[in-house]
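Counting starts at 1 for both ligands and their atoms, following the listed order. The figures here come from the full heavy-atom set of this structure, side chains too, leaving out hydrogens, waters and symmetry mates. This structure is a prediction, so every number in the text was calculated from the model and none was measured.
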Amino acid sequence: MTNIHYKKAAVIGYPVRQSLSPLMHQHWMRQMGIEGEYEAIEVAPEYLGAFVLEAKKIGLSGFNVTVPHKTEILQYLDKIAPLARQIGAVNTVKITPDGRLTGYNTDSLGLVTHLKSIAPDFPHDRPALILGAGGAARAAALGMLGENIPMVMISNRTRSKAEAIAADVGRGRMVVVDWHARSEAVVAAGTVINTTSLGMVGQPPLSFDLSGAAKDTVIYDIVYKPLETALLNQAKSLGLRTVDGLGMLVHQGAAAFKIWFGETVAFDAELRIKLEAAL
Ligand code: ATR
């Protein structure tokens with residue numbers, strides 16, 4: 001007999017073995033007394049459609065979506081939340097008992113929630129400077145445009161991608177900064193957010209000079225492996241406030257948990273210890 005109280009959720013990606021999401025969601029399920037499981041499922045791109053059928057059949061409450069499926073998943077959804085449509089990427093899918101799929105993007109909320117939890121008084125009188133122009137940059141741009149700041153500057157090696165984001169979501173409140181001028185732009189920024197993969201384990205370092213930053217500037221790196229990137233290290237040595245990438249991961253996860261199970265969960269010390277040990 002099926003146990004209707006037994007909840008199942010998952011994260012899909014390719015590869016997905018390195019994902020910290022199972023640890024995090026299992027922690028919360030136990031904490032909230034939700035009987036069930038959350039697993040990482042490796043889904044090759046050609047099997048994405050087959051996975052969606054299977055997910056309905058086995059009664060998943062929902063699933064997280066990571067690289068490389070965040071855009072491809074859109075074609076399988078019955079409904080897409082407005083923010084996810086604007087970002088053009090879905091990281092959370094909810095499946096209702098009638099088998100209908102709704103896509104959300106909780107990256108944007110996760111990024112801003114974490115920033116505000118660490119630096120609630122981040123400078124609101126100066127622009128944010130976003131480095132990168134991938135899906136994470138788009139989520140960061142939309143999140144920061146929702147805050148009460150004058151505008152968002154965006155800089156990317158491939159300038160045309162930054163221009164596309166500014167044109168799509170900027171509504172006149174985004175400017176593109178040339179990649180070669182990124183260090184000069186720091187002078188005007190209140191918040192700096194690295195969304196590129198630079199500085200991550202196995203990737204080249206991010207060459208970026210923070211010496212022109214005002215003392216109250218907040219430096220946020222969404223890379224969490226390593227937890228203290230060279231960028232954050234440089235910021236600390238200059239006495240600037242820093243925000244690491246682990247919290248964004250956790251807060252996007254908490255928002256997904258709420259969507260599936262209706263429960264509000266927190267980034268508690270025990271979870272941080274578990275995640276840091278698993279990094
Ligand atoms: P995500 O969806 O997670 O944001 P992505 O779409 O792969 O990931 O984006 C990676 C970002 O890192 C891009 O902004 C990329 O710049 P390009 O658009 O020019 O490719 C940036 N990036 C990756 N390697 C880089 C490098 N060696 N120098 C500068 N930027 C780099």
Using a strict cut-off of 4.0 Å, indicate which atoms of ligand 1 neighbour a heavy atom of [X].
X: Ala136; value: 1 (P), 2 (O), 4 (O)
X: Asn156; value: 13 (C), 14 (O), 15 (C), 16 (O), 17 (P), 18 (O), 19 (O)
X: Ser197; value: 12 (O), 23 (C)
X: Gly132; value: 14 (O)
X: Gly134; value: 2 (O), 4 (O), 6 (O), 9 (O), 14 (O)
X: Trp179; value: 29 (C)

(message) Which residue in the set Thr191, Asp121, Asp216 passes side chain to side chain donor-acceptor pair (under 3.5 Å) when paired with Arg241?
(response)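 Testing Arg241 for a side chain to side chain donor-acceptor pair (under 3.5 Å) against Thr191, Asp121, Asp216 leaves exactly one candidate, Asp121.
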
(message) Ring-plane angle category for His25 and Tyr38, please: parallel below 30°, perpendicular beyond 60°, tilted otherwise.
(response)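 If you compare the ring of His25 with that of Tyr38, the planes turn out parallel.
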
What protein heavy atom is closest to [atom], reported as residue, atom name and distance in Å?
atom: atom 20 (O) of ligand 1; answer: Arg157 NH2, 2.9 Å
atom: atom 11 (C) of ligand 1; answer: Thr196 CA, 3.9 Å
atom: atom 29 (C) of ligand 1; answer: Leu198 CD1, 3.4 Å
atom: atom 2 (O) of ligand 1; answer: Gly135 N, 3.0 Å
atom: atom 18 (O) of ligand 1; answer: Lys161 NZ, 2.6 Å

(message) Would the distance check show the side chain of Asn156 and the main-chain N or O of Arg159 forming a donor-acceptor pair, the cut-off being under 3.5 Å?
(response)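 No, the answer is negative, given that no donor and acceptor are paired below the 3.5 Å cut-off.
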
(message) I want to know whether Phe261 and Phe257 have ring centres closer than 6.0 Å.
(response)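 They qualify: ring centres under 6.0 Å apart.
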
Got a salt bridge between [X] and [Y], using NZ or NE/NH1/NH2 to carboxylate O under 4.0 Å?
X: Glu147; Y: Lys116; value: yes
X: Asp244; Y: Arg272; value: yes
X: Lys236; Y: Glu228; value: yes
X: Asp178; Y: Arg157; value: no

(message) As a test of the contact definition, would atom 27 (N) of ligand 1 count as having a protein heavy-atom neighbour under 4.0 Å?
(response) yes

(request) Could you tell me which non-hydrogen atom of Ile219 sits nearest to which non-hydrogen atom of Leu240, and how far apart they are? (result)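 Scanning both residues completely, I find the closest heavy atoms to be CG1-CD1, 3.9 Å.
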
(message) Please classify the Val67 to ligand 1 contact at 4.0 Å (heavy-atom distances, strictly less than): side chain, backbone, both or neither.
(response)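 Val67 to ligand 1: no contact under 4.0 Å from either part.
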
(request) Between Thr158 and ligand 1, find which residue part has any heavy-atom pair under 4.0 Å and reply side chain, backbone, both or neither. (result) both

